[in-house]
Colleague: 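Right, I'll just put the structure down here and ask away after.
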Amino acid sequence: MLETKFMVPLLDIMRFIGIFDVSSFSEVIEDKDGQLQTTNSYDKILELIGPATIKNSFKHLNAGGIICSTGQLGGQWYLEEFDPIMDIKENTYLTSFYSGHVSSQKINDLLHYISNYHISIKPEKIFHLDQIQLAHDYLQSKDSFGKVIVLLEKSSDRNEV
């Protein structure tokens, strides 16, 4: 069985981005200060923290394993002082996903999936246009996972700030 890991604080975020069946993950590993709290190694790692923790994730990857870097929740945007020859563990792979490479067909497929499987989608935070500074401050904070909704008009949605 292929093993994967994810960080405990990110469970809700993973569900929000569409990973509803966490039973496919074999183990939950706690992350403290950018270090996984385990000596175990894995075949696949979904890296949501990004450049801030990716070097540590390679230390926990089996030969032939894959890290898929899909997020930058660690507040660090670049792999600083990163030497691919030294930092990418021998016989392992680094891949990525960037949401900017999304087509209208992929968006429509996603919307059909949500509709067909009755998936509840609840935004983390909703702001109004006159609260744009609050939205920006939230996005820059450690509590944000990178997406908010800004409404042009007031409504009665209970998720609004």
Side-chain angles (χ1 to χ4, degrees), residues 4-25 27-38 44-60 66-84 87-88 94-161:
T4 54
K5 65 96 180 167
F6 60 95
M7 317 305 180
V8 172
L10 299 176
L11 182 58
D12 291 333
I13 294 170
M14 292 177 67
R15 286 188 178 121
F16 182 83
I17 64 172
I19 302 171
F20 295 97
D21 181 13
V22 295
S23 65
S24 62
F25 294 92
E27 194 172 354
V28 176
I29 305 298
E30 186 176 7
D31 176 89
K32 286 187 182 176
D33 300 319
Q35 305 291 310
L36 293 177
Q37 302 301 296
T38 183
K44 293 181 182 177
I45 296 176
L46 178 62
E47 177 60 74
L48 297 173
I49 303 298
T53 58
I54 206 160
K55 285 184 182 183
N56 181 257
S57 293
F58 271 112
K59 293 178 182 176
H60 297 277
I66 302 169
I67 291 177
C68 182
S69 182
T70 62
Q72 294 180 318
L73 300 174
Q76 182 179 330
W77 307 112
Y78 303 101
L79 288 168
E80 298 171 10
E81 298 185 29
F82 184 79
D83 178 351
D87 293 326
I88 295 178
L94 174 61
T95 65
S96 65
F97 168 78
Y98 168 59
S99 59
H101 298 148
V102 177
S103 68
S104 60
Q105 180 61 48
K106 289 179 182 177
I107 294 290
N108 285 328
D109 290 347
L110 174 65
L111 294 173
H112 288 295
Y113 185 90
I114 290 168
S115 176
N116 291 341
Y117 293 97
H118 309 287
I119 296 171
S120 174
I121 303 297
K122 179 182 171 190
E124 178 72 14
K125 295 268 187 188
I126 300 174
F127 295 90
H128 299 283
L129 189 57
D130 62 351
Q131 298 173 307
I132 198 73
Q133 185 61 52
L134 287 173
H136 177 75
D137 292 344
Y138 175 73
L139 287 171
Q140 296 299 313
S141 76
K142 66 179 172 89
D143 299 320
S144 167
F145 63 89
K147 306 287 186 239
V148 298
I149 293 175
V150 177
L151 299 174
L152 299 178
E153 298 176 7
K154 296 264 183 192
S155 69
S156 60
D157 191 319
R158 66 179 176 223
N159 293 331
E160 295 176 20
V161 173

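Each residue takes its place number in the sequence, starting with 1.
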Colleague: Counting only heavy atoms from other residues, nucleotides and ligands, does the tally under 6.0 Å from CG of Asp33 exceed 12?
Modeller: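 Not more than 12 within 6.0 Å, no.
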
Colleague: Can you tell me how far the CD1 atom of Ile67 sits from the OG1 atom of Thr95, to the nearest 0.5 Å?
Modeller: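 If we round to the nearest 0.5 Å, Ile67:CD1 and Thr95:OG1 are 9.0 Å apart.
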
Colleague: If every non-hydrogen atom of Ile45 is compared with every non-hydrogen atom of Ser57, which pair is closest and at what distance?
Modeller: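 Where Ile45 meets Ser57 most closely, the heavy atoms are CD1-O, 3.4 Å.
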
Colleague: Considering all heavy atoms of both residues, which atom of Ile126 and which atom of Leu151 are nearest to each other, and what is their separation?
Modeller: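 Distance-wise, the nearest heavy atoms are CG2-CD1, 3.5 Å.
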
Colleague: Quick one: does Thr38's side chain get under 4.5 Å of His60's, heavy atoms only?
Modeller: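 Side-chain contact under 4.5 Å: yes.
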
Colleague: Provide the closest heavy-atom pair for Lys32 versus Gln37 in the form atom of the first, atom of the second, distance.
Modeller: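 It is CB-NE2, 3.7 Å.
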
Colleague: Counting only heavy atoms not in Glu81, do more than 12 fall under 6.0 Å of its CD?
Modeller: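 No, because the 6.0 Å sphere around CD of Glu81 holds 12 heavy atoms or fewer from other groups.
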
Colleague: Between Glu47 and Thr70, is there a side-chain donor-acceptor contact under 3.5 Å, judged purely by atom types and distance?
Modeller: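 No, because no side-chain N or O of Thr70 sits under 3.5 Å from a partner of the opposite role on Glu47.
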
Colleague: Looking at every heavy atom in both Gly71 and Pro51, which two are closest together, and how far apart are they?
Modeller: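 Shortest heavy-atom separation between Gly71 and Pro51 comes out as O-CD, 4.4 Å.
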
Colleague: Carefully, step by step, assess Ile54 and Phe58 under the rule side chain to side chain contact (heavy atoms under 4.5 Å, CB included).
Modeller: CA-CA 6 Å; Ile54 206 160; Phe58 271 112; 4.2 Å; yes

Colleague: Measuring from atom NZ of Lys55 to atom CG of Asp83, what distance do you get when rounded to the nearest 0.5 angstrom?
Modeller: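 Separation between the atoms: 8.5 Å.
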
Colleague: Using every non-hydrogen atom in the two residues, find where Ser69 and Leu94 come nearest and quote the distance to one decimal.
Modeller: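 Of all heavy-atom pairs spanning Ser69 and Leu94, the closest is CB-CD1, 4.4 Å.
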
Colleague: Between Ser141 (side chain) and Tyr138 (backbone), is there a donor-acceptor pair under 3.5 Å?
Modeller: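 Here the side-chain-to-backbone pair exists.
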
Colleague: Are the side chain of Gln72 and the backbone of Trp77 linked by a donor-acceptor contact shorter than 3.5 Å?
Modeller: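 A pair under 3.5 Å: yes.
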
Colleague: Just by distance, do the side chain of Gln140 and the backbone of Asp137 share a donor-acceptor pair under 3.5 Å?
Modeller: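 Not at all, since once roles are kept as given, no pair shorter than 3.5 Å links the two residues.
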
Colleague: Do the side chain of Ser103 and the main chain of Lys106 share a donor and acceptor less than 3.5 angstrom apart?
Modeller: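 It does hold such a pair.
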
Colleague: Would you say Phe127 and Val148 make side-chain contact, with heavy atoms under 4.5 Å?
Modeller: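 Side-chain contact under 4.5 Å: yes.
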
Colleague: Measuring from Asn56:CG to Ile49:CD1, what's the distance to the nearest 0.5 Å?
Modeller: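 Spacing of CG (Asn56) from CD1 (Ile49) equals 11.5 Å.
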
